[in-house]
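The model shown is predicted, which means the values in this text are computed figures rather than measured ones.
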Amino acid sequence: MVKNAKNKLERIECWMSDCESMLLQIMSALSSPLLLLDNDGTVLAATDACLQQVLHQTRDAVLNQPATAVLGFDKNNPDADTLGEFLALEDALSSPRAWKGKFNLPGSDFPWQVVVRPLRSNSGRKLAALLIFDDSLRRAARLDNFIQKQNQIAQANELVHAAKNMLMSLSGSVQVVMKKCELQNVYIESLPKLYADLQDTVAQFNSFLQAGNSPNAVGAASLNQLVEETAREQQTNFTLNMLKLQTSLAENIPQIKMDKQRLKQVLQNCLDNSRAAILQKGQPGGWVRISTQFDKAAGVVRLLVEDNGVGLDAEQAARFFELYHTTKPDGSGIGNCISQSIVRLHGGQMLVSGQPGEGCTVCIELPVEPARQFRPDDLYAEIASFGL
């Protein structure tokens, strides 16, 4: 009897060891940055994304350590700016309820949005907690920073352009004076050198103004491939929120000329909007579907993002692309506006439709043969005109 009990205990220990090994492998395979913590706030497992993108530490340095220490909080020498954030996080880890807040990690330029999600047994007992790091706040902060820099660049380009025009005018006046001196048989030794210097300076100004263009960023690319890449990157975020992310891609989609990174930014913004709309609705069974179509007769390809979130009424649809208009509590109201500009500068159009409580559909229509190529400088100029 003792022998049987011992064998059972050994099998249980072996099973627990196998479970721990499987858990570590599963966590390593997830693409989202997250930590698995026990009820004392000790790190049990960490995804590769969390180690590489958030903590910048090895797995051995993180496992079995207090989460607060792993996140860089020194209790003996607390930083007043982050003390409140750490105290809120500690309260959240000991609470049976989910929690969301922002967190400034040491050495990080922009804050992370952090979600604490308790894991419970069938009886409701709290077993552990997931600490999930969401990059949305950082993306918004980076976008704001990007816009500010592009505004500064646009203003600098305007000043340089004005200075170049003044120099060209001055160069023309010097050339007129040189011609009159020639007719009058008068020679001023400094004039030819002054004219040459002015011409050289104008050429340098032109070179500076043209340096901002990035034609290599634009080329023929597959819209289906863009969708597949983005869906792969976003899949874990949807899974963690118990949402379905589906794709339905037409097989006959031709490649089109595009700035792939800019259009990827547009699709990511649409997915962020859909996910927020579904979570705001607060009902199970949330889904988002990305589909592509090719209308050969019209010479366009279409990218559609559909969801079954809270939807929108006629007024919200009319203001959907309006600068600073947002229905998200933490939204900036600039993502849809910039997305529309990116699509329009690709020669396309971006439309939205939906009904309250029934979801929303965003349709992005792009020409197979655009009349003109997308130029980053055009986007920067348009952003500058927003007056952000």
Are [X] and [Y] side-chain neighbours, meaning at least one heavy-atom pair lies under 4.5 Å?
X: Q293; Y: L304; result: yes
X: Q57; Y: V70; result: yes
X: F133; Y: V114; result: yes
X: N224; Y: E251; result: no
X: I338; Y: Q265; result: yes
X: L35; Y: V54; result: no

Looking only at heavy atoms, which two atoms of [X] and [Y] are closest? And how far apart?
X: A46; Y: V62; value: CB-CG1, 4.4 Å
X: L226; Y: K260; value: CD1-O, 3.5 Å
X: M258; Y: S222; value: CE-C, 4.2 Å
X: C270; Y: V362; value: SG-CG1, 4.0 Å

Check: [Y] main-chain N/O paired with [X] side-chain donor or acceptor under 3.5 Å:
X: D307; Y: G309; value: yes
X: N336; Y: F320; value: yes
X: T292; Y: A250; value: yes
X: K257; Y: P370; value: no
X: K244; Y: G285; value: no
X: D40; Y: T42; value: no
X: T47; Y: L34; value: yes

Practice prompt. Test D295 against V301 for side-chain contact (heavy atoms from CB on, under 4.5 Å), laying out the working first.
Written response: CA-CA 6 Å; D295 188 337; V301 295; over 6 Å; no
Worksheet item: How many angstroms lie between atom CD of E322 and atom CD of Q316, to the nearest 0.5 angstrom?
Response: 12.0 Å
Worksheet entry | Spacing of CD belonging to Q65 relative to CG belonging to D60, to within rounding of 0.5 Å | 10.5 Å
Worksheet item: Are V352 and V300 joined in one hydrophobic group, where the rule is that I, L, V, M, F, W and Y side chains link up if heavy atoms are under 4.5 Å apart?
Response: no
Practice prompt. Only one of D313, L312, V310 passes side-chain contact (heavy atoms from CB on, under 4.5 Å) with P356; say which it is.
Written response: D313
